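Just so you know, these numbers use all the heavy atoms, side chains as well, and skip hydrogens, waters and symmetry mates. Source: prediction; values computed, not measured.
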Amino acid sequence: MIDKIQQCEKNVLSFIFDDNKNTVEKFRLDFLSKKGEVSLLFDSFKLLPPVDKKKYGEMLNDLKKLTLDTVTNNHSKNQQQQGYNKKLFPTYQNNPGSLHPIRIVEEKISSIFLSLGFDYAEAIEIEDDHHNFSALNFKEDHPARDMQDTFFIGLNMLRTHTSSVQIRELKKGVLPLRIIMPGRVYRNEDISARSNCFFHQLEGLYVDKKVTFADLKQTLFYFVQQFFGEGTKVRFRASYFPFTEPSAEMDIWAGIDTEENKKLTKGTGWLEILGCGMIHPNVLTACNIDSNVYNGFAFGMGIDRIAMLKYKIHDIRDMFTNDTRLLSQFTGV
Ligand code: DAH
């Protein structure tokens with residue numbers, strides 16, 4: 001027995017590990033599985049007379065500890081090489097996290113526009129009046145400013161929409177420009193199942209020579225077919241935004257077949273997902289762009305609402321309570 005234990009110990013110590021996690025698994029199988037060397041020694045141990053059990057018990061337990069420690073050490077070595085920090089996230093290896101539904105939807109939307117040749121931009125969340133309102137053609141004391149209840153921070157504010165990023169990008173003066181700008185926005189609104197004091201938007205902008213409303217419609221139409229599926233019905237409704245002229249809102253057909261859909265669409269079957277329009281010449285002028293040479297379109301969509309629609313989440317607040325019963329459903333999406 002003693003020879004067998006010593007031989008097994010030698011085998012454990014001379015086992016060669018490389019960076020591959022499969023070798024750790026092979027080690028585990030060779031020594032610790034039911035038919036592994038250590039387990040077989042324990043099997044024979046059970047048949048020994050009590051005097052011998054006393055003699056070999058401690059040796060065998062030491063061997064098992066050595067084997068288990070070898071597995072653990074090599075496993076965590078592999079994890080560290082892959083950048084996992086075992087101490088900080090002790091449950092990570094058993095409970096892989098998932099992307100948040102908002103992030104998943106943002107990435108899906110972004111990938112469609114990136115495939116169309118749009119670039120990606122983002123900017124700060126604390127804005128000044130110029131970028132959030134004035135340069136976007138919101139006149140002083142114009143009632144349109146009340147469309148967006150604002151959280152002020154002294155003279156600055158939390159941005160009420162991602163349209164402020166349009167101004168920052170246009171001012172860089174690099175044309176033609178085709179970008180999407182996702183981000184979080186804030187409004188001082190009553191919180192309910194349908195609205196929150198912060199939410200997420202994805203802004204789009206295309207500036208070039210001779211851009212048409214048909215380009216805008218076709219781009220958005222393509223997006224909807226890619227995101228929601230071929231044959232999804234859409235409609236454009238005339239609307240008003242100070243920074244676009246003409247302006248429109250786009251609705252998609254969500255249906256009225258279920259109670260939930262009726263509630264979501266206020267009984268119409270149509271759900272508004274974005275605002276859009278041709279960029280107002282005043283916006284281009286405020287960014288030092290000659291509006292006689294350049295024009296373009298812009299759009300801004302609500303990511304939260306699209307996520308609710310796609311994943312049938314009926315209360316916007318459910319997405320921000322960190323409830324793992326909701327979040328864990330997105331593992332692997
Ligand atoms: N910024 C608008 C809002 O938050 C949405 C919007 C409408 C963005 C029209 C646009 C646009 O770029 O062209 O309500």
Side-chain angles (χ1 to χ4, degrees), residues 109 113 118 131-150 159-167 170 179-183 185-190 192 194-196 199-207 211-225 227-228 232-256 264-287 291 295-309 316:
I109 299 172
F113 286 103
F118 282 74
H131 291 90
N132 198 77
F133 287 128
S134 307
L136 284 161
N137 199 34
F138 285 82
K139 298 276 185 286
E140 280 295 329
D141 300 327
H142 191 286
R145 287 189 185 225
D146 295 339
M147 280 162 70
Q148 307 186 342
D149 296 316
T150 310
R159 67 179 178 195
T160 59
H161 52 181
T162 43
S163 302
S164 56
V165 192
Q166 285 188 30
I167 303 301
L170 285 169
I179 42 170
I180 48 167
M181 299 151 274
V185 302
Y186 303 83
R187 288 191 202 168
N188 190 1
E189 277 181 16
D190 291 338
S192 70
R194 285 170 58 93
S195 68
N196 207 351
F199 52 99
H200 303 80
Q201 291 187 328
L202 187 137
E203 193 85 10
L205 182 74
Y206 175 36
V207 178
V211 179
T212 66
F213 197 81
D215 295 330
L216 168 64
K217 277 179 92 171
Q218 191 52 40
T219 304
L220 294 177
F221 186 71
Y222 176 81
F223 157 71
V224 168
Q225 304 307 312
F227 188 86
F228 293 101
T232 305
K233 275 204 291 184
V234 303
R235 72 176 185 188
F236 283 81
R237 279 179 296 105
S239 185
Y240 170 77
F241 300 101
F243 38 92
T244 42
E245 181 60 36
S247 303
E249 282 172 300
M250 192 170 88
D251 303 336
I252 66 165
W253 178 250
I256 39 172
L264 193 68
T265 64
K266 293 185 184 153
T268 64
W270 291 101
L271 188 76
E272 181 224 316
I273 58 159
L274 59 86
C276 61
M278 302 305 289
I279 300 170
H280 197 293
N282 289 354
V283 174
L284 296 173
T285 309
C287 299
S291 61
N295 74 337
F297 65 68
F299 57 87
M301 60 182 85
I303 297 178
D304 306 53
R305 197 175 267 197
I306 295 175
M308 288 168 78
L309 183 69
I316 193 169

> Calculate, to the nearest 0.5 Å, the distance between atoms NZ and CD1 belonging to Lys233 and Ile252 respectively.
12.0 Å
> Report, as yes or no, whether the 6.0 Å neighbourhood of atom CZ on Phe221 holds more than 12 heavy atoms from other residues, nucleotides or ligands.
no
> Any side-chain heavy atom of Asn282 within less than 4.5 Å of one from Lys139?
yes
> Let me confirm one number: the CD-CG distance from Gln166 to Leu205, rounded to the nearest 0.5 Å.
5.0 Å
> Phe138 vs Phe243 aromatic rings, parallel, tilted or perpendicular, using cut-offs 30° and 60°?
tilted
> What heavy-atom pair brings Ser247 and Phe241 nearest, and what distance separates the two atoms?
OG-N, 3.3 Å
> So that I know where these two stand, are Phe113 and Phe223 an aromatic pair - ring centroids less than 6.0 Å apart?
yes
> Could you walk me through whether Leu202 and Met301 satisfy the side chain to side chain contact (heavy atoms under 4.5 Å, CB included) test, starting with their C-alpha distance in whole Å, then the side-chain angles of each, then the deciding distance to 0.1 Å, before giving a yes or no?
CA-CA 5 Å; Leu202 187 137; Met301 60 182 85; 4.0 Å; yes
> Distance only, no hydrogens: is a donor on one side chain within 3.5 Å (strictly under) of an acceptor on the other, for Thr150 and Asn188?
no
> Residues in side-chain contact (heavy atoms from CB on, under 4.5 Å) with Ala286, at least two apart?
Ala135
> Quick one: pull up CD in Glu189 and CZ in Arg194 and give me the separation to the nearest 0.5 Å.
11.0 Å
> Do we see a donor-acceptor contact under 3.5 Å between the side chains of Thr212 and Asp215?
yes
> Can you find a heavy atom in the side chain of Thr244 that is under 4.5 Å from one in the side chain of Cys276?
no
> Walk me through it: do Asn132 and Thr160 pass the test side-chain hydrogen bond (donor to acceptor under 3.5 Å, both in side chains)?
CA-CA 7 Å; Asn132 198 77; Thr160 59; 3.0 Å; yes
> According to salt bridge (Lys or Arg N to Asp or Glu O under 4.0 Å), who are the partners of Arg237, at least two apart in sequence or on a separate chain?
Glu249, Asp251
> State, yes or no, whether a side-chain contact exists between Phe227 and Ile306 at a heavy-atom distance under 4.5 Å.
yes
> To the nearest 0.5 angstrom, please state how far the CH2 atom of Trp253 sits from the CH2 atom of Trp270.
6.5 Å
> Report the distance from atom CZ of Arg159 to atom NE2 of His131, rounding to the nearest 0.5 Å.
12.5 Å
> What closest approach, in Å, do Asn137 and Val283 show between heavy atoms, and which atom pair accounts for it?
CB-CG2, 4.3 Å
> Do Pro246 and Met278 have side-chain heavy atoms sitting under 4.5 Å apart?
yes
> Output the distance between atom CG (Leu136) and atom SG (Cys287), rounded to the nearest 0.5 Å.
8.0 Å
